[in-house]
Amino acid sequence: MAQPETGNQTLYFARCLAFLERKSKELYGEHFRLHGEDYPLLEKLLACITGNEVIAGRQGLSLRKGILLSGPIGCGKTSLMTLLRLLLLPPQERYRVKSCREVSFEFQKEGMR
């Protein structure tokens, strides 16, 4: 999804939400929904994955850092990150989604390189 021009941040966020809502129904079924109380988090995540300096600055985020999501099992962390990666074009710029379990097993096996 193209980066917004200055002043079009609200429209950009609304378009991203509409896209994510549509894709979530395709991937996870009609029961899946993005809740309004999650919109502030979604805006931050969108800023990070798209590299949007305007939104990141407004949110007080550094784009030089990574993302760590935490929450109880089944709360939607992996589903959300899987959806968000669909916004990145071209596909080769997309990131991989790994669970904490996967990361910890890799670290156990390979250690720090």
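- By the 4.5 Å heavy-atom criterion applied to side chains, Leu45 and Met81 are counted as neighbours.
- Distance check: His31 NE2 to Ser24 OG gives 9.0 Å after rounding to the nearest 0.5 Å.
- To the nearest 0.5 Å, atoms CD (Gln59) and SG (Cys48) are separated by 9.0 Å.
- Ion pairing of Glu26 with Lys23 is present here, as a side-chain N (NZ or NE/NH1/NH2) and a carboxylate O approach within less than 4.0 Å.
- No continuous path of hydrophobic side-chain contacts links Leu84 to Leu61 [ILVMFWY only; heavy atoms under 4.5 Å].
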Under the criterion side chain to side chain contact (heavy atoms under 4.5 Å, CB included), I'd like the reasoning laid out for Leu17 against Tyr12: C-alpha separation, chi angles, the key distance, then a yes or no. CA-CA 9 Å; Leu17 283 177; Tyr12 173 71; over 6 Å; no
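- Residues passing the salt bridge (charged side-chain N to carboxylate O under 4.0 Å, His left out) test with Lys77, sequence neighbours excluded: none.
- Side-chain atoms of Phe32 and Leu27, non-hydrogen and from C-beta on, never get closer than 4.5 Å to each other.
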Side chain to side chain contact (heavy atoms under 4.5 Å, CB included) between Leu83 and Phe19, intermediate numbers included: CA-CA 9 Å; Leu83 280 171; Phe19 174 83; over 6 Å; no
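- In plain terms, the two heavy atoms of Thr50 and Leu46 that are nearest each other are OG1-O, 2.5 Å.
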Under the criterion side chain to side chain contact (heavy atoms under 4.5 Å, CB included), I'd like the reasoning laid out for Ile49 against Arg85: C-alpha separation, chi angles, the key distance, then a yes or no. CA-CA 8 Å; Ile49 68 162; Arg85 72 189 289 274; over 6 Å; no
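- Looking only at distances, no side-chain donor or acceptor of Ser79 sits under 3.5 Å from a matching main-chain atom of Gly76.
- Listed by chain and residue number, Ser99, Phe105 satisfy the side chain to side chain contact (heavy atoms under 4.5 Å, CB included) test with Arg101 (two or more places apart in sequence, or in another chain).
- The heavy-atom pair separating Leu63 from Ala47 by the smallest distance is CD2-O, 3.6 Å.
- Across all non-hydrogen atoms, the minimal contact from Glu21 to Arg33 is OE1-CA, 4.3 Å.
- Taking 4.5 Å as the limit, every side-chain heavy atom of Leu20 sits out of range of all side-chain heavy atoms of Leu80.
- The two atoms that bring Phe13 and Tyr39 nearest to each other are CZ-O, 3.4 Å, heavy atoms only.
- With rounding to the nearest 0.5 Å, the separation of CD in Glu43 from CG in Asp38 is 13.0 Å.
- Note that CG of Leu86 and CZ of Arg22 are 10.5 Å apart. Values are rounded to the nearest 0.5 Å.
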